[in-house]
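Here is how names work: the chains are called A, B, and so on, in the same order as the sequence lines, proteins then strands, and each is numbered from 1. Note that the structure is predicted; figures quoted are calculated from it, not measured.
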Amino acid sequence: MKLAIQVNEGPYQHQASDSAYHFTKAALEKGHEVFRVFFYHDGVLNSTRLTTPPQDDRHIVNRWTELAEQHDLDLVVCVAAAQRRGIVDDGEAERNGKDATNIAPKFRISGLGQLVEAAIQSDRLVVFGD
Amino acid sequence: MKLAIQVNEGPYQHQASDSAYHFTKAALEKGHEVFRVFFYHDGVLNSTRLTTPPQDDRHIVNRWTELAEQHDLDLVVCVAAAQRRGIVDDGEAERNGKDATNIAPKFRISGLGQLVEAAIQSDRLVVFGD
Amino acid sequence: MADLYTVNKSPFEKNSLEAVIRFSTEGAAILMLEDGVYGATKGTVVESMITGAENKKFYALGSDLKARGIAEDRVIDGVELVDYAGFVDLVEANEKVQAWL
Amino acid sequence: MADLYTVNKSPFEKNSLEAVIRFSTEGAAILMLEDGVYGATKGTVVESMITGAENKKFYALGSDLKARGIAEDRVIDGVELVDYAGFVDLVEANEKVQAWL
Amino acid sequence: MSEVKNFMYLNRRAPYGTIYAWESLEVVLIGAAFDQKVSLMFVDDGVYQLVKGSDTSTSDMKNFMPTYRTLGDYGVRHMYVDQASLAARGLTADDLIQVEWEDWETEEEIDNIVEVVDADSVAKLMSESDVVFSF
Amino acid sequence: MSEVKNFMYLNRRAPYGTIYAWESLEVVLIGAAFDQKVSLMFVDDGVYQLVKGSDTSTSDMKNFMPTYRTLGDYGVRHMYVDQASLAARGLTADDLIQVEWEDWETEEEIDNIVEVVDADSVAKLMSESDVVFSF
């Protein structure tokens, strides 16, 4: 089965991002295709490389990046939600005159159309939120 | 009266930050002293200078910075919460080996003791959260 | 002096208003703000939580009512509307603030 | 094929479980996860929402039960425990997923 | 993409207290470009999203309520409102905005695509859709 | 700072689903350095924070439940639990962890500072405190 995953909440504050990660991992391990993971609302905050969680806790951002590296996952961050919440890549930094970027490896910023397209192309859309 | 303000949620996702801002502004305009505004949980996300909200919407981060400039407000971001969520100043960048910072002007990162101290020193603690 | 209790949740979504009414003491001031202001509207199935509460005084933040399209004539009788300056006055007039989120 | 409904809220905090039971169709699969797993426990005042529901099949995520200290013998009879792999199977076995947050 | 799916947007949150209602609306607006069959469902506090008379001038938030009125132009064909959720909140259809719809090709017009439905209809409509977006 | 205040931490959320319980606990731990009178109140889903037997080995989250057991060493003198909230959830005091307390100067010891109280006591205790922290 081909899956689209939507993540609506940021890391640590809500368990939604944890659930989405474990679900995505389990689906990949079962051989399903994950067409795209789309980060929306505060979900975009999963994509900042500036996090430094305590040593004895999970690193939610790195976990997504590593899963994407292993499975060539498409991790898409909604541009409108990212602008409101300060998630920036090189393109956004230039467009909006920002002096730094914070996006983590394997994440890309793109439009909401990517969510709609993922829902059309996939057999199932699974939403994780608060 | 001397006030301590606590903000538990980030900008845009929840109205808590808006309410805290308007309350703080009204208190200052009435001549009260605001001992400290303490940003905790996702509230630390109010302090990133990387946000670019739509032109026709309020700029929640800049609003805090401007209020602090006008009234010499002490805006303190909890370090533990900030590390989990990727809010970084120069000191944190050096300590945790980060290649960028994103903290906005007039915010400073410090420990949770600053919240406890604010509660002790102030006549009232007012909490805004989800 | 009594306490000020703040409630920012819709009474249909979370039990914060009900909890505040149950756990607040005599003379309590209860301020509804953000989505909490829905609790201040007439004709709902939870209206009696407020109309039946004794020895408590209810307030609602006017700007949050306006944003949600709730006209003043739909606010339960006896609920007093305040602006942020009035919110500040309530904080000062009461011994402390309890946020029931 | 029917739908899979996910519920991640405590039934004491939000009405999502009650709403899902009301709005789901016959043959629905209802998966409780995160704080939603509290709905799967015996002896609560909301237990009858599940025990009284007809033609619906309930699931709960085992790892979320364990994290919250809920032993298997406290789970309502008939609620089936699944892991994330079982969650994936439920998604595949049903026509679509409705998240009632 | 030739496949046409029935999209259902499930709205269960009040506006303004959180951003979900507004960012959900942004998906609907963008989604118009994809020519799917689009319906919106308002249940629980979601019914508050359609209450008319919103005025954010004193709260300094963006007033996004007028956008709902334009949804007919963005390919939305149905906006369903749960009757019981309305009633519990002391509201009727008269308290809600109206949304017009017109098919530009056939010139078919509908005065108001906002429709109050009962719980069985909510369940049936949700069940008959192909994809459910939740926020 | 010579003034001693009665601090009350109000806990109304379940653990793990959100971070509030854990980050609230972090404040209590840090606050120990300030020598205030500290009590914790557990109401509504907050009572779940004290349920024993938590095991996060299969969910890859940090298990912070053992930290509650150490609170007596961090200056916490009272942990109150609302009786009605427990009962509604099918729980009794036996389902909760116990927390020991000892005064290092007087060597006074208390086996368990977790105390189940009724609604009137909750109201009274909240009202008698000087500062209420909510998360």
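- The shortest side-chain heavy-atom distance between S59(F) and K66(D) does not fall under the 4.5 Å cut-off.
- Contact detail for T18(F) and D35(D): the closest heavy-atom pair is N-OD2, 4.4 Å.
- Proximity to chain D (any heavy atom under 4.5 Å) is shown, for S85(F), by neither the backbone nor the side chain.
- Contact annotation for D45(F): only side-chain heavy atoms (C-beta onward) come within less than 4.5 Å of a heavy atom of chain D.
- Relative ring orientation between Y48(F) and Y38(D) is described as parallel, the plane-to-plane angle staying below 30° on a 0-90° scale split at 30° and 60°.
- Among all heavy-atom pairs drawn from T56(F) and A67(D), the shortest one is CG2-CB, 3.9 Å.
- For D95(F), the part lying near chain D is the side chain, with the backbone staying farther off; criterion is any non-hydrogen pair under 4.5 Å.
- For chain F, the option among K42(D), K9(D), R74(D), E13(D) with the highest count of heavy-atom pairs below 4.5 Å is R74(D).
- Environment of CD in E100(F): sparse, with no more than 12 heavy atoms of neighbouring residues, nucleotides or ligands closer than 6.0 Å.
- Checking side-chain atoms of S54(F) against main-chain N and O of R68(D) turns up no donor-acceptor pair under 3.5 Å.
- Atom CD of E72(D) is surrounded by 12 or fewer heavy atoms from other residues, nucleotides or ligands within 6.0 Å.
- Expressed to the nearest 0.5 Å, how far CG of D64(D) lies from OG1 of T58(F) amounts to 8.0 Å.
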